[in-house]
Amino acid sequence: MSMTMSQKILAAHAKVDAVQPGQLVMADLDLVLGNDITAPVAIKEFAKFGTDQVFDKKKIALVPDHFTPNKDIKAAQQCKMMREFAHEKEIENYFEIGAMGIEHALLPEQGLVDAGDLIIGADSHTCTYGALGAFSTGVGSTDMAAAMATGKAWFKVPAALRFNLSGKLPAWVSGKDLILHIIGMIGVDGALYKSMEFTGEGVSSLTMDDRFTICNMAIEAGAKNGIFGVDEIALEYLAAHCARKPVIFSADEDAEYEKTYEIDLSTIRPTVSFPHLPDNTRTIDEVGEIRIDQVVIGSCTNGRISDLRVAAQILKGKKVDPRVRTIIFPATQNIYLQAMDEGLLKIFVQAGAVVSTPTCGPCLGGHMGILAEGERAVATTNRNFVGRMGHVGSEVYLASPAVAAASALTGYITNPETIKEN
Amino acid sequence: MDAKGKAFRYGNNVDTDVIIPARYLNTTDPKELASHCMEDIDANFVKQVKAGDIMVANHNFGCGSSREHAPLAIKAAGISCVIASSFARIFYRNSINIGLAILECEEAVQGIKAGDTVSVDFSSGTIKNESTGESWSAQPFPPFIQKMIKADGLINYLRKEARA
């Protein structure tokens with residue numbers, strides 16, 4: 001029977017010839033991820049399992065990225081618990097401060113993700129790795145605990161939606177605008193329990209960073225995973241980062257999709273998600289006059305080098321509006337170094353922005369940029385729920401790095417097309 | 001009958017950030033988490049909830065983050081069952097894995113108001129609004145999941161399987 005790309009990866013890891021939507025399978029995992037919020041719960045559950053050993057020391061990644069560098073004593077206790085577990089179980093992929101980056105930017109960069117992999121992570125944005133042709137999905141801490149012990153997880157085989165892309169994104173329009181547009185179109189539960197598979201000739205015009213951003217936000221449409229086929233661009237990235245040989249799966253020509261959406265990339269506009277749901281989107285032409293207090297550029301969604309380059313292109317030689325606190329977070333230490341080498345950090349500081357060490361901090365209202373009552377932020381992050389970045393009466397507007405940087409300059413949500421470059 | 005209590009009623013897309021705000025995720029203690037459950041959208045929930053009460057919501061309940069702290073907080077607050085038109089998938093999985101009963105039933109959701117007394121029979125999937133007398137049948141769990149719930153969660157289930 002015909003299968004989608006996601007279904008083929010699940011079938012291969014469940015060691016069966018074929019699977020169909022709705023079928024429950026137990027499958028072997030290539031990587032299990034946890035962070036300083038979810039791993040402590042998993043470690044407690046793991047202790048109940050009655051085993052001393054993890055299933056494979058090489059196939060577990062522990063990343064203290066959420067409330068780090070430790071924001072308070074309780075956070076420090078949680079990180080300590082994870083650090084000691086990593087040491088005791090000899091987990092090879094534990095990333096201490098200094099090596100740590102935001103998990104979903106870090107793991108592909110460190111070569112822990114390969115095409116054809118089956119990956120679970122106790123973090124909802126684990127779906128990011130579909131950009132490299134892996135099946136990866138977010139789970140909770142108990143699933144993580146069981147996976148650390150057994151190397152397996154159960155899956156309900158998802159049906160799929162296809163997004164068939166043609167054309168090319170215009171200037172100042174990025175993968176972020178495309179995924180916000182898609183979420184606005186199908187809704188925050190538009191892909192509930194399903195795969196989002198991105199296909200078509202338009203894919204070849206999307207950079208790896210665009211693809212990471214797009215798959216990262218599949219969860220914001222309720223999806224189980226987002227996935228791209230493996231092409232030259234993905235293979236080039238894998239060759240530069242991953243020592244393993246890619247295993248390439250592709251959808252059958254007659255694979256069944258519940259629905260196919262045809263999207264001409266040249267028609268996508270800079271897009272902003274208004275509070276308090278990611279599907280509450282408007283194009284930049286419809287935003288009106290929205291005064292802002294803070295800009296956050298970074299996160300697992302948009303803290304990669306091309307995101308920083310776009311922000312620098314807009315901020316170069318200019319000053320941010322004095323009423324806008326502009327905080328920029330390179331997602332990993334390597335990205336930080338690269339931004340330093342390319343002179344981007346200097347551009348940011350000279351523009352009046354601050355540059356932070358990698359952390360998830362402000363995205364989830366943890367630390368490093370919390371909003372007060374009535375304040376508004378434009379953020380390149382992924383969620384704008386009630387109270388997400390701080391006070392329950394604050395607001396988050398989700399946008400691309402280009403829109404965020406342009407908005408930092410003017411103090412209002414701003415179309416990057418209107419900014420004259422220096 | 002396996003659950004009976006007063007209904008707390010919520011709308012569409014109740015996300016895990018309002019179920020348990022991230023600012024409280026520096027602990028894993030279920031009781032402490034429960035003391036902040038729902039506070040950003042319903043400050044009265046924690047004050048009014050009694051052991052056995054039932055949470056009823058519309059579509060996509062539990063969307064957003066994968067934090068297992070969300071079902072843990074609901075369970076530790078005393079909620080015996082969550083009934084929704086649909087659940088976000090990670091929340092659905094997490095609830096089963098930690099032993100929080102959840103049922104999908106659009107008709108029941110439409111027929112239950114805040115404050116109604118609701119009873120649930122898990123073996124048959126019957127949901128009854130004791131205040132109005134109406135009742136509905138929810139889709140029972142597939143056998144695979146039933147086994148997991150019977151074993152009281154994923155960890156116990158896997159331990160049992162390993163011994164078998």
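These numbers were taken from a predicted model, which means no experiment stands behind them. Chain identifiers are assigned alphabetically (A, B, ...) following the order of the sequence lines, protein sequences preceding nucleic acid strands; residue numbering begins at 1 within each chain.
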Contact class of A:Leu364 relative to chain B, heavy atoms under 4.5 angstrom: both
Side-chain (A:Gln78) to main-chain (B:Leu25) donor-acceptor, under 3.5 angstrom: yes
Top of A:Val188, A:Thr126, A:Thr150, A:Leu277 for chain B proximity - count of heavy-atom pairs under 4.5 angstrom: A:Val188
Heavy-atom pairs under 4.5 Å with chain A, option from B:Ile41, B:Asn97, B:Asn12 with the top count: B:Asn97
B:Phe87 side chain near A:Tyr193 side chain, heavy-atom distance below 4.5 Å: yes
Donor-acceptor contact present, side-chain B:Arg159 to main-chain A:Lys48, <3.5 Å: yes
Interchain contact, A:Met217 with chain B, by part (heavy-atom threshold 4.5 Å): neither
Distance-only side-chain donor-acceptor flag, A:Thr142 / B:Arg93, under 3.5 Å: no
Separation of A:His276 NE2 from B:Asp17 CG (nearest 0.5 Å): 12.0 Å
Structural part of A:Phe67 lying under 4.5 Å from a heavy atom of chain B: side chain
Side chains of B:Cys63 and A:Asp189 in contact at under 4.5 Å (non-hydrogen atoms): no
Criterion side-chain contact (heavy atoms from CB on, under 4.5 Å) on B:Asn26 and A:His66, from CA distance to verdict: CA-CA 10 Å; B:Asn26 53 7; A:His66 275 60; over 6 Å; no
4.5 Å side-chain heavy-atom contact, A:Asp143 and B:Ile90: no
Under 4.5 Å from a heavy atom of chain B, the part of A:Lys44 involved: side chain
Minimal non-hydrogen separation, A:Gly387 against B:Asp40, with atom names: CA-OD2, 4.4 Å
Contacting moiety of A:Asp72, where chain B heavy atoms sit under 4.5 Å: side chain
Max heavy-atom pair count under 4.5 Å with chain A, selected residue of B:Ala70, B:Ser86, B:Gly64, B:Ala88: B:Gly64
Side-chain touch B:Ser65/A:Arg383, heavy atoms, less than 4.5 angstrom: yes
Check: B:Arg89 and A:Thr137 side chains under 4.5 Å, non-hydrogen atoms: yes
Beyond-backbone contact of A:Ile37 with B:His69, side-chain heavy atoms, under 4.5 angstrom: yes
Exam field: side chain B:Arg23 to backbone A:Gly366, donor-acceptor pair closer than 3.5 Å: no
Nearest atoms (heavy-atom pairs only) where B:Ile155 meets A:Ala145: CD1-CB, 4.1 Å
Min side-chain heavy-atom separation B:Glu32-A:Lys74 under 4.5 Å: yes
Which portion of A:Ala149 sits near chain B, non-hydrogen atoms under 4.5 angstrom: neither
Among the listed options A:Ala122, A:Ser141, A:Ala75, the residue most often paired with chain B at heavy-atom distances under 4.5 Å: A:Ser141
Exercise: identify the closest heavy-atom pair between A:Pro40 and B:Thr28: CB-CG2, 3.9 Å
Region of B:Asn94 that comes under 4.5 Å of a non-hydrogen atom in chain A: side chain
Student check: side-chain heavy atoms of A:Phe385 and B:Val18 closer than 4.5 Å: no
Side chain / backbone / both / neither for B:Phe91 at chain A, heavy atoms under 4.5 Å: neither
